[in-house]
Amino acid sequence: MDVPWWKTAVTYQIYPRSFCDTGCGRDQSAEGVGDLEGVIRHLDHLLWLGVDVIWLSPFFPSPMNDFGYDVSDYCGVDPLFGDLGTFDRLVAESHRRGIRVVIDWVPNHTSIDHPWFAASRSSRQDPKRDWYVWRDPAPGGGPPNNWIESLTMGPAWTLDAATGQYYLHCFLPTQPDLNWSNAEVVAAMHDTLRFWLERGVDGFRMDVVHLIGKDPDLPDDPEVVAGLPHVVLNDRPETHAHLRSIRRLLDESGERVSIGEVYLLDPAQVVEYYGRDDELHLCFNFAPLHARWNATAWRHQIEQSEAALGPVAAWPTWVLSNHDNPRHRTRYGGSEARARAAAVLLLTLRGAPFLYAGEELGLLDAEIGDDQHRDPGGRDGCRAPIPWDGTPTHGWTDATPWLPWPPEAERRNVANLREDPTSILHLYRDAIALRRATPSLQLGDLSLVDSPDGVVAYRRTLGLDSVVIAVNFTDSTVDLLGYPNLFDGRLMLSSIHPTAERALTHLDADEAAIIAPFEVAP
Ligand code: TEU
């Protein structure tokens with residue numbers, strides 16, 4: 001069976017600012033900001049962990065108003081992070097280790113500092129005026145429509161006094177939206193994809209890609225949802241046409257992947273962006289990231305994902321943490337046991353799992369002091385630097401890092417947790433290895449199986465290979481007698497007991513288990 005590589009891949013998201021500062025980037029503010037050399041330095045660790053793909057959040061030249069999601073040159077590396085030579089080495093060193101490299105692509109908006117916008121803004125007659133979305137003020141003055149931007153929840157329009165028109169920005173005023181209905185914009189953005197494909201990247205994570213096609217009339221968002229940012233509402237046929245041509249472009253370059261950040265919260269809407277296997281290869285599914293830690297909520301998430309994606313054979317994705325939201329251990333109340341159970345869930349559901357750097361250490365969000373806020377969207381806590389060891393600088397240079405360290409960094413760091421085979425870091429490594437060795441975990445069907453209250457259990461099946469996963473979402477022991485699917489098997493992995501060879505009569509509080517049925521046990 002010829003399975004595309006991205007179906008079985010475990011992807012690891014790196015937020016370069018926060019990964020590791022080696023001092024190789026040019027940091028004018030004299031604070032510690034991670035760089036691409038820091039990624040290269042730790043590739044062996046990622047190989048040890050067992051991930052297949054790294055996804056790098058933006059490292060392009062940028063004024064950093066949105067920490068790189070405001071790009072001023074799509075085809076370069078910000079000196080803060082290194083240069084194109086460093087990037088090429090990163091790709092080569094990753095590929096040498098069998099690790100693929102996916103980069104972020106930010107097609108909906110540029111930075112206000114991009115030369116395209118400087119030209120567009122310069123006059124109404126400029127040839128690039130139409131590269132962005134300009135409109136006259138509403139009759140009587142004020143923004144052309146009621147759209148809300150996503151980061152500060154203000155109006156999505158800013159008046160350019162010099163030319164008397166408003167420009168659209170679904171994010172900060174420093175992130176003007178490109179006009180994808182202009183063919184020159186499409187061609188220029190396609191060129192940026194080709195630039196990185198030629199440098200050997202294996203694919204793109206496409207930032208708010210569902211937002212690139214817009215209703216040409218730019219009508220008001222409906223009153224009932226007024227107050228929601230336009231990004232979660234924009235769902236247009238124009239986008240699908242753009243995605244089909246992007247897909248053709250990628251397909252011409254061999255086996256590359258597109259992973260869309262389709263920030264619509266209903267999986268039934270999101271599935272449309274896979275097209276007929278002719279649009280995105282994968283789309284993030286963010287509903288689970290907002291789900292509470294309980295069995296009912298998670299059973300619902302699994303059912304919803306299966307119901308939306310199963311019938312059209314679209315491959316699901318699972319993500320618990322990223323650079324935009326509080327880390328899941330923080331969201332789930334701080335319990336490491338829950339974070340461990342969540343890791344087993346993430347790595348055993350049907351679909352492609354995405355890890356966010358630091359979750360394998362069980363990191364909590366950093367406490368951000370009043371004078372330490374950096375992000376206008378308030379997302380600093382999950383972007384705290386990664387502690388690599390227990391020294392005072394935690395494996396970074398001695399410049400003070402751009403954000404405070406996460407809690408317990410002197411103990412909860414890579415070097416220390418690698419020494420401890422019972423650590424959450426080893427649990428991630430073991431679960432990833434088991435996944436790789438178990439065809440049903442990688443590619444098998446999923447069906448929910450009968451389980452006690454507070455437990456979600458499911459079977460993964462591929463041909464004769466079959467395993468059952470049971471996750472106890474409660475903080476008490478749950479008896480499994482009476483549930484033959486669950487206790488009648490061999491425990492392959494427990495989220496709590498590292499080498500537990502035990503009869504599976506019960507699950508401990510917050511325990512997740514991977515169970516092989518006896519008949520296929522060696
Ligand atoms: O995020 C899109 C997005 O919708 C989120 O920013 C969301 O609105 C926000 O986190 C709510 O708190 C992507 C990137 O992941 C994010 O970092 C960027 O800021 C944003 O796009 C703009 O490029």
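Remember, predicted model here, so these are calculated numbers, not experimental data. Start at 1 and go down the list; that is how both ligands and their atoms are numbered.
- The protein atom (non-hydrogen) at minimum distance from atom 19 (O) of ligand 1 is D66 OD2, 2.5 Å.
- When hydrogens are left out, the protein atom nearest atom 20 (C) of ligand 1 is F171 CE2, 3.7 Å; that is the closest non-hydrogen contact.
- At least one side-chain heavy atom of L363 sits under 4.5 Å from a side-chain heavy atom of P387.
- Of the protein's non-hydrogen atoms, E261 OE2, 3.1 Å is the one closest to atom 1 (O) of ligand 1.
- Residue R205 touches ligand 1 through its side chain alone, judged by heavy-atom distances below 4.0 Å.
- You'll find the side chain of L46 reaches within 4.5 Å of the side chain of I99, heavy atoms only.
- If you check which protein heavy atom lies closest to atom 14 (C) of ligand 1, you get D207 OD1, 3.1 Å.
- Of the protein's heavy atoms, D324 CB, 3.4 Å lies nearest to atom 10 (O) of ligand 1.
- Interface atoms of ligand 1 facing H323, defined by a heavy-atom separation under 4.0 Å, are 14 (C), 15 (O), 16 (C), 17 (O).
- On a distance-only criterion, Y263 and ligand 1 share no N/O pair closer than 3.5 Å.
- Those atoms of ligand 1 with a heavy atom of S150 less than 4.0 angstrom away are 7 (C), 8 (O).
- When only non-hydrogen protein atoms are considered, atom 6 (O) of ligand 1 lies nearest to R379 NH1, 3.2 Å.
- Side chain of E261 to main chain of V208: a donor-acceptor pair is present (N/O by atom type, distance under 3.5 Å, no hydrogens or angles).
- One finds no salt bridge joining E198 and R194 here, because no Lys/Arg side-chain nitrogen approaches an Asp/Glu carboxylate oxygen to under 4.0 Å.
- Near H109, with a cut-off below 4.0 Å to any heavy atom, the atoms of ligand 1 are 22 (C), 23 (O).
- Among all heavy-atom pairs drawn from C283 and V262, the shortest one is SG-CG2, 4.0 Å.
- A cation-pi contact, defined as under 6.0 Å to the ring centre and within 45° of the axis, is absent between R124 and W134.
- Taking the six-membered ring where the residue is Trp, the centroids of F59 and W196 are separated by under 6.0 Å.
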